[in-house]
Amino acid sequence: MWRLLPAALCVLLGLAAAAANLRDRGMGMDMDRDREEPRTLHIAGLFQDDEWQEIMAFRAAIERVNNDKKILPGITLEPVVEVLGNMDSFMASRRVCNLTYSGIAAIFGPKSRQTANIVSSIAETLEIPHIVTHPAMAKRPTNYQINVYPDRSSLSQAIVDLLEDMAWKTFTIVYEDDEGLFRLQEVLKAHSARDSPVTVRRLGPGPDYRQVHREAPRPNLCESSCCTRGPLLKEIQNSTETRIILDVSADKLIDIFHQAKQVKLMGDYVSYLVTSLDAHTLDFSELDVWAEEETGVSNITGFRLVDPSSMEVQNAVHDWIWTERLRGNTITLTPALVRTSSALVNDAVHMFARALHQLDQTEPYIVESPLSCEAADKWEHGERIVSFIKAKYSDPDNTERGMTGPLWLDKDADHMRTNFTLTLIETRADNATGTWNSSGIHLFRSVEEMERSTKELLSKKVMRVVSKLGAPYLMKKENWTEDMGNDGFRGYAIDLIDAIAKELHFKYEFYLVKDGKYGSLKDGRWDGIIKDLLDRKADLGICDLTITYDRERAVDFTMPFMNLGISILYSKAPPENPNLFSFLEPLSTEVWIYMASAFIGVSLLLFILARVTPLEWNNPHPCNPEPEELENTFTLINSMWFAMGSFLQQGCDFLPQAPSTRMVAGLWWFFTLIMISSYTANLAAFLTEAGLNKESINSAKDLAAQNKVLYGCLAGGSTQGFFANSNFSDYQRMWSIMTAARPSVFTKSNPEGVERVLNGKRDYAFFMESTSIEYECQRKCDLKMVGGHLDSKGYGIAMPRNSPYRAVISGAVLKLQESGKLVQLKELWWKQMDGGGTCGTGEDLPDSSDDNKLTMAHVGGVFLVLTYGCVGAIFVAVGEFLWSTRAVAIENKISPKEALMKEIRFAVRCSEDTKPVKHRTPTPSSSRSGSRSMGMGRSLARSLLNLNAFQRLGAGALGGEKKK
């Protein structure tokens, strides 16, 4: 028996092999039969009640695949539509399990986050492909899930790129649910802590969206942003924020805009960025009516994934309409009304069908299997289908396109859809302005086209201009009344706005700010012109409004139309009475006395030494070797004349001969050299100093270093802010002194400060902008500008924050500057109108070169000395003439009258160059006639003796020659 066992085993093995062969052949025949027989694959679509368009797209796409003979021949796709409505998760899971028990090849949807998680879990368990066409909350899809909706991070990056392109530094985010925060994560990350804060607000449940949704605070939400709660739209309006990101569903946008209009958040200074990809499907025609009624409405920018002009979209809409007609439904649908989710459903069905078509070309062939959720069955084809779809649509060579653009999955991003193109649109006008893709923003319009569009909007608007009174910027005309409008004002600001309006072709109307203030921030609130701009009561604000850091953060400014700086307004010193003898001032009175004493002393010393030393006694007749008498040249008068000539650097016709007198003369010359040089140097320095500013206060540092002159500035102005915020020690000390001064040194207006300087008797100085100081100094000659500029700033035209007209108005200001119009306006209102130029040209205001010139008041004393000296010389000459006439009358024995007449007649005969000498032989009587006649006789006798001597010498010489 044991011997027969191996043979039996061999027989059994042979029978088993034969049976296996027959079974394989039967299975092969069954599979071939399955391949040849028509098959039906059921595709489940899970939708909500409001997704009628998505259901239509789902059915039409499947019908299109079934009608295409090139895709899945022999296989019919059967749509299974389940409307889940608002059922709970348990009921939804039961519905899905019923579908799987009947057998399905894929599940599409749903969009509800709670339901989608249940469906994804069932599909993961049963290994059924799960196609998602809505944003996913999870960072990564499950293994059996394929999401064709654009990647959340890529969408967020598109928003970041658009914000950078539009230069949005500050904005408010209004989100609807937590999903919106996930979408905006990249936006919040891109905004660093050093940037201006971003406000994040959650939209309420409605229908009144003016209220913020109340919820428990989330500490991690507001790390880089400012979270607030309260009346939503009203708080945004009060915050003066004009740039708003709306991350809400498209069906709520119109209601939000209606309520925003009620709180004045739909003006042309407010801009919205809508993140919904379905905003283009809304009807914004009512906003056009608002624009006509209020001359301006908010700009609304958005994205769209679906291009209504593409052939894919137009063909798909045609299929949808045709399919519904076959079902007995008549619908009206245009490509512009196609929702993004509907287009994604259409593309997802085609992606699944095309991948299934290629996969079904190889064994095993795809057939449905009933799967039970309780038994945890698995569909054998599920993993294969999902893997093939991911591989096919992540291939770089894939060029398939759909209604939403390129159908491509990024294998480096968990097969998420990152390669897509968004169209930038102005939703109100449905006008495409550019595109976005992974490489960034690409605009369709040039800068010139956008500027031209802005100018066109501006030309339709009447700009309200707020200002305040202040010469020369804005002044009332003499016959001003409130109903006169622009015609009641005059000034630099009126002319400037008029020039800009002519350049940009818009109309304007001026009005005065009620509180008469420029605008300062107190306790978090603005006043004056800035407040009117923040409240959007005005479109422009112009006067001598300084551009400061705080104001720049609150409102927008154009480029400066006038550059300036803070300077000091001070009154001029009263003119000093000129000193006619100012030429004596280089030397003190004591020095002058000592110099006069030295002059007299040296003159006397020369006189005495000349009489003592024998070398100064000379022969009056050099030809007479034995003179009867000697004479001394250095008489007292001659000694004084020698000292005077030497002192005045003019010299003399006689010089000392003795060593002693020469020593005195040399020392006197040395003395006069030093004194004259010192006097000349001091005179030049004195005259130079006389033309310079002798003020003790020439700068802000001089003000800070003294405590006699008080100083202040305009209360609430930019100058006060400069001192309050300065880090410079001198300015900090000055600010402390100004705040502590009693009575207050601050004024309510610039004219009040000017009057205080004029009436302060040089005990008060006023800090003010240099241009205003120039204007005042042109008309009030007692005022002057002291020192240079403490800072550098400018006047600009203010406008509400994020004004769309800022660029074009700044361009107009720049054009006026380049053409010289701004210089002409300043020349007109500073130096020509209203008494301008009364106190000289503007260039002479701080310092004048004419002040350095010497006037008669400085050198008049020299002229007086010359005049009085000449007059004195005339009197001396008259005395000499009368004395000489008396001597002539005595000598010629004629009457004094006759002698006087003869002398006068001879003096007036200017042609006579010689005068006859009348003399007679001296007699005792004549020798007693006086010392002067005797002196004249002696002189005449000496002359005759000299003549006789010369004759004798001449005769002797001739005799000698004859003897020879």
Side-chain angles (χ1 to χ4, degrees), residues 466-475 493 512-534 541-555 557 564-571 700 703-704 707 709-728 730-760 763-776 780 783 785-787 789-791 793-796 798:
V466 60
S467 186
K468 67 181 292 295
L469 293 177
Y473 302 97
L474 190 69
M475 299 168 285
L512 299 176
V513 63
K514 290 184 178 180
D515 58 7
K517 297 181 179 180
Y518 295 98
S520 58
L521 185 63
K522 295 181 180 178
D523 301 327
R525 295 182 177 274
W526 286 93
D527 56 13
I529 293 176
I530 304 299
K531 183 178 186 301
D532 278 20
L533 293 171
L534 292 175
I542 183 172
C543 59
D544 48 337
L545 185 64
T546 308
I547 303 174
T548 64
Y549 174 74
D550 289 335
R551 290 172 182 170
E552 182 71 30
R553 295 183 64 186
V555 297
F557 281 93
L564 58 136
I566 298 174
S567 192
I568 305 171
L569 179 67
Y570 197 43
S571 59
L703 274 179
N707 54 12
V709 179
L710 298 177
Y711 43 87
C713 61
L714 176 67
S718 60
T719 304
Q720 187 182 52
F722 168 79
F723 284 101
N725 301 322
S726 177
N727 295 323
F728 191 52
D730 286 344
Y731 298 156
Q732 289 177 343
R733 183 167 65 254
M734 295 176 74
W735 172 248
S736 300
I737 294 174
M738 285 190 285
T739 54
R742 294 294 180 274
S744 176
V745 294
F746 300 111
T747 62
K748 296 180 180 179
S749 64
N750 283 335
E752 180 182 345
V754 174
E755 289 300 321
R756 190 165 178 179
V757 171
L758 287 171
N759 301 329
D763 291 334
Y764 181 79
F766 189 64
F767 288 101
M768 193 165 61
E769 282 82 2
S770 56
T771 52
S772 299
I773 294 178
E774 291 174 8
Y775 180 81
E776 296 295 339
K780 299 178 177 64
L783 298 177
M785 182 190 300
V786 175
H789 295 173
L790 275 63
D791 64 348
K793 52 190 174 183
Y795 291 153

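Because the structure is predicted, anything quoted here is derived from the model rather than measured. Atoms considered below: every heavy atom in the structure, side chains included; atoms not considered: hydrogens, waters and symmetry mates. Residue numbers run from 1 in the order of the sequence given.
- Side-chain contact check for Tyr795 versus Tyr473: some heavy-atom pair is nearer than 4.5 Å.
- Across every non-hydrogen atom of Met785 and Ser567, the tightest pair is CG-OG, 3.2 Å.
- Asn750 places none of its side-chain heavy atoms less than 4.5 Å from the side chain of Glu776.
- Contact of the Tyr570 side chain with the Leu703 side chain is not registered, since no non-hydrogen atoms from C-beta on lie closer than 4.5 Å.
- When Phe728, Phe746, Tyr731, Tyr711 are each tested for a ring-ring contact (aromatic ring centres under 6.0 Å, His included) with Phe723, only one passes: Tyr731.
- A distance of 6.0 Å separates CG in Asp550 from CG in Leu521, rounded to the nearest 0.5 Å.
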Show the numbers, then the answer: is there a side chain to side chain contact (heavy atoms under 4.5 Å, CB included) between Leu533 and Trp526? CA-CA 10 Å; Leu533 293 171; Trp526 286 93; over 6 Å; no
When you look at Thr546 and Arg551, which way does the side chain to side chain contact (heavy atoms under 4.5 Å, CB included) test go after all the steps? CA-CA 9 Å; Thr546 308; Arg551 290 172 182 170; 3.9 Å; yes
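- Remark: Thr739 OG1 to Gln720 CD distance equals 9.5 Å, nearest 0.5 Å.
- In this structure, the side chains of Asn707 and Ile737 stay at 4.5 Å or more apart for every pair of heavy atoms.
- The shortest distance between side-chain heavy atoms of Met734 and Ser726 does not fall below 4.5 Å.
- One N or O on the side chain of Tyr764 and one on the backbone of Val745 form a donor-acceptor pair closer than 3.5 Å.
- When every heavy atom of Ser571 is checked against every heavy atom of Val757, the shortest pair comes out as N-CG1, 3.7 Å.
- Nearest heavy-atom pair, Val709 versus Ala765, reported as atom, atom and distance to 0.1 Å: CG1-N, 4.0 Å.
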Is there a side chain to side chain contact (heavy atoms under 4.5 Å, CB included) between Asn725 and Tyr549? Walk through the geometry before answering. CA-CA 11 Å; Asn725 301 322; Tyr549 174 74; over 6 Å; no
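- Across every non-hydrogen atom of Gly716 and Ser520, the tightest pair is O-CB, 3.3 Å.
- You'll find the side chain of Lys531 stays beyond 4.5 Å of the side chain of Val513, heavy atoms only.
- Looking only at side-chain heavy atoms (C-beta outward), Met768 and Val754 come within less than 4.5 Å of each other.
- Under a 4.0 Å N-O distance rule, the pair Arg733/Asp730 qualifies as a salt bridge.
- What you find for Lys468 and Cys543 is that their closest heavy atoms are CG-SG, 4.0 Å.
- Here the side chains of Arg756 and Phe766 are not in contact, with every heavy-atom distance at 4.5 Å or above.
- A donor and an acceptor atom, one from each side chain of Asp544 and Tyr518, are located under 3.5 Å apart.
- A donor-acceptor pair is defined here as one N or O able to donate and one able to accept, closer than 3.5 Å; such a pair exists between the side chain of Ser770 and the backbone of Gly565.
- The heavy-atom pair separating Ile530 from Ala554 by the smallest distance is CG2-CB, 4.3 Å.
- Taking the salt bridge (charged side-chain N to carboxylate O under 4.0 Å, His left out) definition, one finds that Lys793 meets it with Glu769, Asp791, sequence neighbours left out.
- The only option from Ile566, Val786, Ile568, Leu569 that meets the side chain to side chain contact (heavy atoms under 4.5 Å, CB included) definition with Ile773 turns out to be Leu569.
- Residues forming a salt bridge (charged side-chain N to carboxylate O under 4.0 Å, His left out) with Glu752 (at least two apart in sequence, or on another chain): none.
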